[in-house]
Amino acid sequence: MNDLSADRRFATTLARGLSVLRAFRPSDDGLGNAEIAERTGLPKSTVSRLTYTLHALGYLTHARHGERYRPGPALLAMGNVAAASISFVEMAGPIMQRLADETRTLSLLAVRDGPRLLLAKAWRPAGVASIWLEVGHRLPLAGSSSGHCFLAALAEGAVEPVFREAVTDRGTDIERLSRIRQEAYGQLMSRGFAIADPAEYFAANIHAVSTPFFPRDLSEPVVFSCGALPADLGMARMEDEVGPGLRAAVRELESTLGLPPAPLRR
């Protein structure tokens, strides 16, 4: 939990409970306490108390005693409330679906979740077999176009705490994050989108291009991306077609919401 645990205002038990909820992935067929403990780094005895409490409150569920836990109805309700209260998500839907269909790529919305980016929405192209990324998947800040774009779009005052949390992810250090931020910032300034070098991408079977969006009701940028298999989305196509199309789609969203194009600030 970094140095927040030393802050008297920080509720450690609450943070641990939330880490249990964040341990779940869309591909999971339920999780037992041992698996949750492994993913969160918490003692199994602590996890047992937390899962019991979260189950009692409806945030986790299981059909019978001893069965693996799954996200519960209270968590679903909270997610729907959050989605409804963040206005740009619904407005982005038709724009990003059209982009996915036109470019035949998977269009994605990513938001920061600790040291990684969480895929919050995905728009799949009609009639096209697209890459395997699903809502709930987490992308590294270093080694993904979404992550590089996010780092470049951060305001100067927000960089240090994000870097401090990101270095807990494997294979990441301050020097690498600083280099990534500088290179991606140059891409955003020159053409409005960022592409991670395929040589350092976290997965060899994915190519993606990303651009930031600055919601008026969030404190940090989010990232819109388009991705596909390398055979379907080569570097030239990202630079000449999909990247400009993504940038235009985000500008359309800004216009729809009455937002001016947000300048990148350093």
Side-chain angles (χ1 to χ4, degrees), residues 22 24-27 75-76 78-126 128 130-141 143-154 158 162 184 187-188 192-196 201-203 206-228 233 238 242-259 261-262 264:
R22 290 164 64 181
F24 288 84
R25 300 165 187 163
S27 58
L75 199 58
L76 175 63
M78 286 183 64
N80 286 332
V81 169
S85 64
I86 301 175
S87 59
F88 77 88
V89 177
E90 182 177 357
M91 300 296 293
I95 298 171
M96 299 308 293
Q97 184 61 60
R98 185 177 72 243
L99 178 67
D101 292 339
E102 290 177 350
T103 62
R104 299 171 69 82
T105 64
L106 179 67
S107 296
L108 299 163
L109 167 65
V111 300
R112 187 169 73 93
D113 181 31
R116 292 197 160 205
L117 291 181
L118 174 74
L119 297 185
K121 292 286 291 185
W123 297 270
R124 297 188 175 279
V128 177
S130 57
I131 58 178
W132 51 265
L133 293 178
E134 301 281 354
V135 170
H137 191 86
R138 289 176 170 84
L139 305 175
L141 291 180
S144 71
S145 293
S146 298
H148 292 199
C149 178
F150 176 81
L151 291 173
L154 281 173
V162 171
Q187 292 186 46
L188 292 182
F193 53 87
I195 302 171
Y201 216 74
F202 78 100
I206 300 171
H207 276 184
V209 54
S210 303
T211 196
F213 176 71
F214 299 84
R216 71 163 56 94
D217 42 9
L218 296 181
S219 61
E220 61 184 23
V222 300
V223 176
F224 285 99
S225 300
C226 288
L233 190 59
M238 285 192 286
V242 179
L246 174 62
R247 180 186 59 200
V250 171
R251 287 182 175 171
E252 180 182 347
L253 176 60
E254 292 169 340
S255 177
T256 300
L257 294 169
L259 297 174
L264 296 173

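Hydrogens, waters and symmetry mates play no part in the numbers below; they use all other heavy atoms, side chains included. Numbers here simply count residues along the sequence, with the first being 1.
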Is there a donor-acceptor contact under 3.5 Å from the side chain of Gln187 to the main chain of Gly192? no

Looking only at atom types and distance, does a side-chain atom of His148 sit under 3.5 Å from a main-chain N or O of Gly143, one as donor and one as acceptor? yes

How long is the span from the CZ atom in Arg116 to the CZ atom in Arg22, to the nearest 0.5 Å? 12.5 Å

Please enumerate all residues that pass side-chain contact (heavy atoms from CB on, under 4.5 Å) together with Arg104, with sequence neighbours excluded. Val128

Heavy atoms of Pro212 and Val250 approach each other most closely as O-CG1, 3.7 Å

Looking at His207 and Ala228, would you say the former's side chain and the latter's main chain have a donor-acceptor pair under 3.5 Å? no

So, for Ala110 and Leu119, which heavy atoms are closest and what is the spacing to 0.1 Å? CB-CD2, 4.0 Å

Do the non-hydrogen side-chain atoms of Glu252 and Arg98 ever get within less than 4.5 Å of each other? yes

Value rounded to 0.5 Å, distance of CE in Met238 from CD1 in Ile195: 4.5 Å

Distance (rounded to the nearest 0.5 Å) between Phe224 CZ and Thr211 OG1: 10.0 Å

Does Val162 have any side-chain contact (heavy atoms from CB on, under 4.5 Å) partners at least two apart in sequence or in another chain, and if so, which? Arg112, Leu141, Phe150, Leu151, Leu154

Taking all heavy atoms of Leu233 and all of Cys226, pick out the closest pair and write down the distance. CD2-O, 3.9 Å

Member of Ser107, Ser146, Ser145, Ser144 meeting the side-chain hydrogen bond (donor to acceptor under 3.5 Å, both in side chains) criterion with Ser225: Ser146

Find the distance between CG (Leu253) and CG (Leu259) and round it off to the nearest 0.5 Å. 7.5 Å

Student check: side-chain heavy atoms of Val222 and Leu218 closer than 4.5 Å: yes

Do the side chains of Leu109 and Trp123 get nearer than 4.5 Å, heavy atoms only? yes

Are the side chains of Leu139 and His137 in contact, using a 4.5 Å heavy-atom criterion? yes

For the student: nearest non-hydrogen atoms of Met91 and Leu257, plus distance: CG-CD2, 3.7 Å

Among all residues two or more places apart in sequence or in another chain, which pass the side-chain contact (heavy atoms from CB on, under 4.5 Å) test with Pro244? Phe193, Arg247

With rounding to the nearest 0.5 Å, note down the distance linking CZ in Arg251 to CD1 in Ile95. 14.0 Å

Heavy-atom nearest pair, Leu188 first then Ala194, reads CD2-N, 3.8 Å

Partners of Leu75 by side-chain contact (heavy atoms from CB on, under 4.5 Å), sequence neighbours excluded? Leu21, Tyr59, Pro71

Salt bridge (charged side-chain N to carboxylate O under 4.0 Å, His left out) partners for Asp101, two or more places apart: none

Minimum heavy-atom separation for Val242 to Val209, with atom names? CG1-CG1, 3.7 Å

Quick one: CG on Leu99 to CD on Gln97, what's the gap to the nearest 0.5 Å? 9.5 Å

Pairing residues for Arg25 by the salt bridge (charged side-chain N to carboxylate O under 4.0 Å, His left out) criterion, not counting sequence neighbours: none

